[in-house]
Protein chains: 2
Amino acid sequence: MKFNKHLKNINNYEAGKPIELVVREFGIKEDEVIKLASNENPNGVSKKALQALNKSINFANLYPDDSMFELKNSLSKKYNILDKNIIIGSGSDQIIEFIIHAKTNQNQGILVSKTTFAMYEIYAKHSDTKIFKTPSGIHNLNEFTKIYQENKDKISVIFLCVPNNPLGECLDAKDVYEFIKNTDEDTLIVIDGAYNEFAAFKDENKKINPKIISEFKNAIYLGTFSKLYGLGGMRVGYGIANENIISNLAKLRAPFNITTPSLAAAIAVLEDEDYIYHSLNNNLIEMKKFEEFAVKNGIKFIPSYTNFITFVLEKQDSTQICNSLLKKGIILRDLKSYNMNAIRITIGLKKQNEIVLKHLKELL
Amino acid sequence: MKFNKHLKNINNYEAGKPIELVVREFGIKEDEVIKLASNENPNGVSKKALQALNKSINFANLYPDDSMFELKNSLSKKYNILDKNIIIGSGSDQIIEFIIHAKTNQNQGILVSKTTFAMYEIYAKHSDTKIFKTPSGIHNLNEFTKIYQENKDKISVIFLCVPNNPLGECLDAKDVYEFIKNTDEDTLIVIDGAYNEFAAFKDENKKINPKIISEFKNAIYLGTFSKLYGLGGMRVGYGIANENIISNLAKLRAPFNITTPSLAAAIAVLEDEDYIYHSLNNNLIEMKKFEEFAVKNGIKFIPSYTNFITFVLEKQDSTQICNSLLKKGIILRDLKSYNMNAIRITIGLKKQNEIVLKHLKELL
């Protein structure tokens with residue numbers, strides 16, 4: 001059986017290895033595995049979210065409220081916007097998919113930084129569209145501008161990952177707004193803020209205001225409940241933009257794209273201020289230990305505005321190091337699939353980090 | 001801002017109204033609302049699934065196992081197939097989306113029955129492809145064959161909904177297999193078995209064997225956990241086909257398309273034989289009461305092989321009837337969006353059905 005030709009060009013996203021796999025393959029006990037590979041919140045599930053989940057699972061037989069009235073209501077209050085400025089996706093991932101299907105085609109592609117979230121490129125390949133990349137891995141807005149100006153008729157979407165995954169660097173908010181102002185009304189600028197709460201906590205200059213984004217004619221802000229909010233397993237993300245953009249993307253949203261418990265958990269965690277503060281603060285304190293370790297041991301790294309740090313290796317091979325750690329029950333993220341000899345480490349709890357750094361010290 | 005032109009042709013799926021809406025708009029107490037609009041399992045969540053959910057929500061911060069190793073393992077045992085014959089979707093819905101993106105294009109469209117599950121057509125519009133329909137609402141394989149033979153070069157996917165939603169009729173399995181045999185290797189025949197367990201329980205001749213489907217070069221079986229298995233709110237469906245088809249569709253599956261608790265619940269409910277038998281049996285017993293009511297009151301209906309029954313109205317207007325019932329806290333499904341003056345009623349619990357029939361008697 002034949003399939004559409006462009007499927008041949010698609011390589012699936014390489015997901016971080018799950019705990020179950022390490023349990024299965026290396027016989028390590030589940031509660032002894034340390035997974036710092038997927039930038040999940042190491043503080044577990046928020047208490048308020050857990051209470052909401054506990055209640056909502058009794059209604060798992062019922063389809064969710066497809067209007068997502070209550071979650072949109074919570075988000076609109078948080079960001080001082082209207083319901084019609086919001087679209088909810090199964091992770092912000094799914095909104096990237098809507099954007100690419102809605103805006104790109106065989107003649108109009110996307111522009112991204114050389115090293116950034118892999119799903120931009122993967123979804124672009126789903127749509128068989130062109131992919132332009134800047135020469136630098138970290139975001140360089142001059143390079144973005146140059147390539148955009150030279151290929152304006154071939155670029156309909158630009159992705160800025162603020163801060164950037166998997167490198168960790170972060171553009172200033174004012175430069176992002178300025179960049180959007182200098183683009184054409186018909187080019188959609190996607191500000192992926194999956195990790196922006198971490199950046200804003202470290203440095204106010206990095207804080208993107210979704211309301212400001214929604215006031216542009218051609219920009220959309222993406223947020224997620226998978227990182228700071230500790231609901232990676234529940235798959236909820238959101239897009240914030242003007243009504244024209246939202247209503248067009250909504251045409252590509254299938255009904256019931258979010259589970260019933262996911263909606264309940266997302267609403268609840270937004271109110272769990274203790275959990276949110278504790279998560280941000282733990283991250284900032286623990287991040288410093290990784291930076292100190294890197295400096296002390298002569299390991300290259302990019303100062304990170306996220307909940308992970310990326311060590312760029314020079315002597316050792318990242319895949320070998322990750323495999324050695326895997327056998328010890330430690331899951332980190334090898335960045336070979338990003339064409340880098342580097343390891344991305346999620347900032348974990350104090351105790352987890354100590355174990356990881358101890359092992360890294362032996363290996364690096 | 002401009003979007004791809006074909007978005008203009010897309011109308012979103014009209015979802016059944018949620019209980020929350022009736023509570024909000026008509027001030028009716030949540031536990032007094034009777035929702036028989038979305039073919040959910042009225043018996044609540046299976047005990048085994050609930051136990052699994054209770055445990056898994058503690059890991060809601062962790063991304064799911066993207067290989068879906070355990071769920072595939074359970075399904076492969078149930079159907080006597082291999083893991084590589086299975087793809088998991090966020091509802092079988094999402095697999096319909098993969099199929100359409102993988103197989104159709106502007107020149108190669110789909111063939112469906114005139115009145116069938118709306119998402120086939122909606123996803124086809126996402127891909128800006130042609131939609132061929134049989135003249136009859138209920139599935140008529142002679143009509144399918146005729147249109148297919150006349151337009152073979154323009155049809156790459158045929159959807160058979162067995163049994164059919166929203167009408168309720170069901171093809172015999174042997175006729176389905178025979179139909180597939182007489183199609184070209186390059187036309188994908190989709191056997192949507194979302195309600196097939198109900199049909200098989202009523203009449204063995206309707207039972208589609210997914211293993212047989214997977215042995216064809218050009219067919220795929222779709223199943224769901226949303227109906228019989230009572231997990232509509234958890235969004236899990238599956239496709240079963242040969243490895244070539246599965247591996248190609250898998251290229252379009254985004255990572256983490258199923259939530260962590262959803263995977264746990266789906267695995268657990270497959271083992272809850274009491275819940276499954278009770279659900280099937282209640283449905284068969286209660287369905288008879290709706291049929292008797294219809295016969296007694298001169299209401300047209302199609303004998304149903306599903307967990308719902310469709311009353312075709314002649315004198316009254318279906319929208320008016322549904323709106324009257326809504327104010328009383330009863331949610332049924334008006335089929336106007338399917339161009340029918342008809343009401344689709346999910347078979348509920350004995351007590352719910354008695355109340356619904358009492359109100360219908362007053363109105364019809």
Side-chain angles (χ1 to χ4, degrees), chain A residues 1-4 7 10 12-13 15-16 18 20-21 38 40-41 44-45 49-50 53-54 57-66 69 90-91 93-94 97 101-103 105 119 126 185-186 188 217-218 230-235 244-245 248 250-252 254-257 259-262 265, chain B residues 1-4 7 10 12-13 15-16 18 20-21 38 40-41 44-45 49-50 53-54 57-66 69 90-91 93-94 97 101-103 105 119 126 185-186 188 217-218 230-235 244-245 248 250-252 254-257 259-262 265:
Chain A
M1 162 158 298
K2 282 178 290 184
F3 292 87
N4 286 331
L7 261 64
I10 303 173
N12 281 101
Y13 180 78
E20 299 92 314
L21 183 135
S38 302
E40 296 147 331
N41 190 324
V45 188
L50 204 54
L53 282 167
N54 238 311
I57 55 175
N58 295 297
F59 305 98
N61 59 319
L62 303 181
Y63 284 103
D65 173 6
D66 196 49
F69 179 87
S90 175
D93 242 71
Q94 197 179 39
E97 188 176 15
H101 282 289
K103 281 291 293 177
N105 52 53
M119 290 309 297
H126 285 198
E185 194 181 312
D186 203 39
L188 182 56
K217 282 190 178 166
N218 65 324
L231 294 173
M234 304 308 296
R235 318 304 300 123
N244 176 40
I245 294 172
N248 274 284
K251 292 196 168 196
L252 297 174
F256 313 128
N257 59 328
T259 78
T260 299
S262 300
Chain B
M1 164 159 294
K2 282 178 289 183
F3 291 88
N4 285 330
L7 260 65
I10 302 174
N12 281 102
Y13 180 78
E20 297 92 316
L21 182 135
S38 302
E40 296 146 331
N41 190 324
V45 189
L50 205 53
L53 282 167
N54 239 311
I57 55 175
N58 294 296
F59 305 98
N61 59 319
L62 303 181
Y63 285 103
D65 173 6
D66 196 49
F69 180 87
S90 174
D93 243 69
Q94 196 179 40
E97 188 177 14
H101 282 289
K103 282 292 293 179
N105 52 53
M119 290 309 297
H126 285 197
E185 194 180 312
D186 203 38
L188 183 55
K217 281 189 178 167
N218 66 324
L231 294 173
M234 303 308 297
R235 318 303 301 124
N244 175 41
I245 294 172
N248 275 284
K251 292 195 168 197
L252 297 174
F256 313 127
N257 59 328
T259 79
T260 299
S262 300

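Note that the coordinates shown come from a computational prediction; the quantities given were computed from them, not determined experimentally. Chain A is the first sequence line, chain B the second, and so forth, proteins listed ahead of strands; every chain is numbered from 1.
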Find the one option among Gly232(B), Pro18(B), Pro261(B) whose heavy-atom pairs under 4.5 Å with chain A are most numerous.
Gly232(B)

Which atoms of Asp93(A) approach chain B - backbone, side chain, both or neither, heavy atom under 4.5 Å
side chain

Largest heavy-atom contact set with chain A, pairs under 4.5 Å, which of Asn248(B), Thr260(B), Asn218(B):
Asn248(B)

Apply the test side chain to side chain contact (heavy atoms under 4.5 Å, CB included) to residues Ile57(A) and Val45(B): give CA-CA distance (whole Å), side-chain angles for both, the deciding distance (0.1 Å), then the verdict.
CA-CA 8 Å; Ile57(A) 55 175; Val45(B) 189; over 6 Å; no

Would you mind checking which part of Lys217(B) comes under 4.5 Å of any heavy atom in chain A, side chain (CB onward), backbone (N, CA, C, O), both or neither?
backbone

May I ask you to name which of Ser90(B), Ala254(B), Ser262(B) has the most heavy-atom pairs under 4.5 Å with chain A?
Ala254(B)

Shorter than 4.5 Å, heavy atoms on both sides: which option in Asp66(A), Leu50(A), Asn257(A) has the most such pairs with chain B?
Leu50(A)

Among Met1(A), His126(A), His101(A), the residue with the most heavy-atom pairs under 4.5 Å to chain B is Met1(A)

Glu20(A), part contacting chain B, at a heavy-atom distance under 4.5 Å
side chain

Could I get the full list of side chain to side chain contact (heavy atoms under 4.5 Å, CB included) partners for Ala250(B), not counting sequence neighbours?
Ile87(B)

Smallest separation among heavy atoms of Leu53(B) and Ala60(A), with atom names:
CD1-CB, 3.9 Å

Point-to-point distance, once rounded to the nearest 0.5 Å, from CG of Leu62(A) to CD of Glu40(B):
4.5 Å

Please classify the contact between Asp186(A) and chain B as side chain, backbone, both or neither, with a heavy-atom cut-off of under 4.5 Å.
both

With sequence neighbours left out, the residues meeting side chain to side chain contact (heavy atoms under 4.5 Å, CB included) with Asn4(A) are His6(A), Leu7(A), Asn105(B)

Between the side chain of Asn61(B) and the main-chain N/O of Asn41(A), is any donor-acceptor distance below 3.5 Å?
yes

Where does Leu21(B) contact chain A at under 4.5 Å (heavy atoms): side chain, backbone, both or neither?
neither

If only atom types and distance count, is the side chain of Lys103(B) paired as donor or acceptor with the main-chain N or O of Lys2(A) below 3.5 Å?
yes

Winner by heavy-atom pair count (cut-off under 4.5 Å) against chain B, out of Ala49(A), Gly91(A), Gly230(A), Pro64(A):
Gly230(A)

Mind running side chain to side chain contact (heavy atoms under 4.5 Å, CB included) on Arg235(B) and Arg235(A) for me, showing each step along the way?
CA-CA 11 Å; Arg235(B) 318 303 301 124; Arg235(A) 318 304 300 123; over 6 Å; no

